[in-house]
Amino acid sequence: MKTLILKRPVIAVAGSSGKTTTKEMIASILKRRWRIYKSAKNRTNRDHIRIHRRRIKPSHRAVVLEYSMSYRGHLRRSCQIIQPNMAIVTMVGTAHIGNLGGSLEALIKAKSGIIQHMKPTGTLLLNADDANSQRLDFGRFRGRVIKVGIKKPADYQASRIDYGQRGMNFSVSLAGQTYRFFIPVFGEHNVYNALFAIAAADQLGFRPAQIDKGLRSFRRPPHRLRVYRLKRGVRLLDDTFNANPHSVKAALDVLSRVGKEHRVAVLGNMSELGRYSERGHREVGEYLAGHEISQLLTYGKKARQIGTAAVAAGLPVRNVQHSPTRARLHRSLRGAIKHGTTILVKGSHDQHMVRTVRFLRRAGGIAPQ
């Protein structure tokens, strides 16, 4: 199949975390002025890219696609179907590292595929604060590199970040003038996603007011830090779409910030980590121990290592409970919820942690935020 090369903006979003959210933020801005084509949900493999190729019409002013990678060569083959002229690598974490022998070096090499096979003179957007992104191999790419960040100097840098009642507020300088933005989803990691959307839209000539309205009207994808208000002042954070060490740490950051009294983390296995599995689960446990989490409930054989590491890092053993079955987990949850509790539920997709979210919603009565 001959590579489809379009002259209009073709934006491909890749990375270990935040791809779907970043894609949806970009689309929410661009569609305010243009008719666009975007990949639906998280339909991102090569078969889906071929379907997108057939569905893109001349009337689409821009194309926004999510490019996933589970194995080496996936990004290269996606670019060979539809070549992006603007590519975003949100960050390079440990998602799917098990499919690459547990090697971070192999993972970075595989992620570099999108840079090496996008338009060589296109525009590449990277995360200035992600150390692994700085190790990507550009190959023959000679286009423009734009960086976004919070901590390190970047072309698009967020400052004055704070948690609002329903999302994040932050400031960004555009053309020498500072603007205030809001996104209706929690987490500093989502500020990075928004920075990519702001950078892409700004590069395409969108005005700050258009960018702001697009971000405000962004609708978060399902099961990604969706907030539910239950009875007795209980809040439930549904982040069950998937999980890897980076995304679990980001969700724990949100729990520690939005939870006011009793904070409960319900964590299932993180899959596809291969040889990195034990290390990845222990990293999460150690991280959790430093974040004022009141109680940790784990589910799944691998997730037990999260609790073991958390106790070793200082979390009182009485605050940790492992459940070998979902029924046991749900019984434990009934006893863990007090007035004002904030509960985070997260785990890899194959752990079906959304069933626990449904249990809590049925048990507590819900009012979506």
Side-chain angles (χ1 to χ4, degrees), residues 13 15-28 38-45 48 66 68 70 90-91 93 95-96 166-168 183-194 197 217-230 234-255 257-259 263-273 284 297-300 302-303 306 326 329-330 333 337 341-369:
V13 184
S16 298
S17 293
K19 293 185 295 296
T20 304
T21 298
T22 300
K23 176 203 69 181
E24 292 295 332
M25 286 180 172
I26 294 169
S28 184
K38 70 166 183 173
S39 51
K41 299 181 180 178
N42 64 315
R43 293 171 182 166
T44 60
N45 63 31
H48 292 137
E66 182 179 340
S68 66
S70 297
T90 57
M91 57 85 60
H96 308 298
R166 295 181 179 274
M168 306 297 292
I183 50 174
V185 62
F186 290 117
E188 189 175 277
H189 63 295
N190 279 313
V191 174
Y192 283 103
N193 298 334
S217 61
F218 151 77
R219 298 183 67 178
R220 82 193 80 183
H223 310 301
R224 291 171 172 87
L225 282 176
R226 176 75 182 270
V227 182
Y228 295 97
R229 293 184 181 275
L230 312 185
V234 174
R235 283 202 292 184
L236 170 62
L237 308 180
D238 172 8
D239 202 33
T240 57
F241 179 78
N242 217 336
N244 58 63
H246 175 83
S247 68
V248 176
K249 291 175 187 178
L252 289 170
D253 287 342
V254 174
L255 175 61
R257 290 297 301 268
V258 305
R263 305 177 183 92
V264 176
V266 184
L267 304 180
N269 291 345
M270 296 180 291
S271 304
E272 297 188 66
L273 296 181
V284 168
L297 281 71
T298 57
Y299 169 70
K302 297 175 183 176
I306 299 175
R326 196 177 305 276
L329 172 65
H330 292 178
L333 270 170
I337 301 172
T341 297
T342 301
I343 311 162
L344 166 69
V345 183
K346 189 165 181 63
S348 281
H349 191 68
D350 60 7
Q351 295 301 293
H352 306 291
M353 298 303 289
V354 69
R355 295 175 186 173
T356 296
V357 169
R358 291 172 186 149
F359 163 77
L360 289 167
R361 290 174 61 184
R362 287 194 301 269
I366 63 107
Q369 180 171 311

Can V185 and M25 be said to form a side chain to side chain contact (heavy atoms under 4.5 Å, CB included), step by step?
-> CA-CA 11 Å; V185 62; M25 286 180 172; 4.2 Å; yes

Evaluate the criterion side chain to side chain contact (heavy atoms under 4.5 Å, CB included) for residue pair N190 and T21; output intermediate values, then yes/no.
-> CA-CA 8 Å; N190 279 313; T21 298; 3.6 Å; yes

Which atom pair, heavy atoms only, marks the closest approach of [X] to [Y]?
| X | Y | result |
| --- | --- | --- |
| G167 | F186 | N-CE2, 3.5 Å |
| I183 | A194 | CG2-CB, 3.8 Å |
| A27 | K38 | CB-CD, 3.7 Å |
| P245 | M270 | N-SD, 3.4 Å |
| A303 | G268 | CB-C, 3.7 Å |
| K23 | A40 | NZ-C, 4.1 Å |

Look only at the side chain of [X] and the backbone of [Y], and say whether a donor-acceptor pair between them is shorter than 3.5 Å.
| X | Y | answer |
| --- | --- | --- |
| N269 | S271 | no |
| R257 | G187 | no |
| R224 | F241 | no |
| S247 | N244 | yes |
| K346 | A251 | no |

May I ask you to check whether [X] and [Y] show a side-chain donor-acceptor distance below 3.5 Å?
| X | Y | answer |
| --- | --- | --- |
| S348 | D350 | no |
| E66 | T20 | yes |
| H349 | N242 | no |

How long is the straight-line distance from [atom2] of [Y] back to [atom1] of [X], given to the nearest 0.5 Å?
| X | Y | atom1 | atom2 | result |
| --- | --- | --- | --- | --- |
| E24 | K19 | CD | NZ | 13.0 Å |
| T341 | R235 | OG1 | CZ | 11.5 Å |
| D239 | L225 | CG | CG | 4.0 Å |
| R326 | R355 | CZ | CZ | 5.5 Å |
| T298 | I306 | OG1 | CD1 | 7.0 Å |
| L255 | L237 | CG | CG | 6.0 Å |

State, yes or no, whether a side-chain contact exists between [X] and [Y] at a heavy-atom distance under 4.5 Å.
| X | Y | answer |
| --- | --- | --- |
| S16 | M91 | yes |
| V254 | L344 | no |
| I337 | V264 | no |

What residues, two or more places apart in sequence or in another chain, satisfy side chain to side chain donor-acceptor pair (under 3.5 Å) together with T22?
->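 Listed in chain order: N193.
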
Cation-pi between R361 and Y228: NZ/CZ under 6.0 Å from ring centre and within 45° of the ring axis?
-> yes

Hey, is R226 close enough to D238 for a salt bridge, meaning N to O under 4.0 Å?
->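 Looking at R226 and D238, the cut-off is not met.
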
Residues in ring-ring contact (aromatic ring centres under 6.0 Å, His included) contact with H189, at least two apart in sequence or another chain = none

Please list, chain by chain and in numerical order, all residues satisfying ring-ring contact (aromatic ring centres under 6.0 Å, His included) with H352, sequence neighbours excluded.
-> none

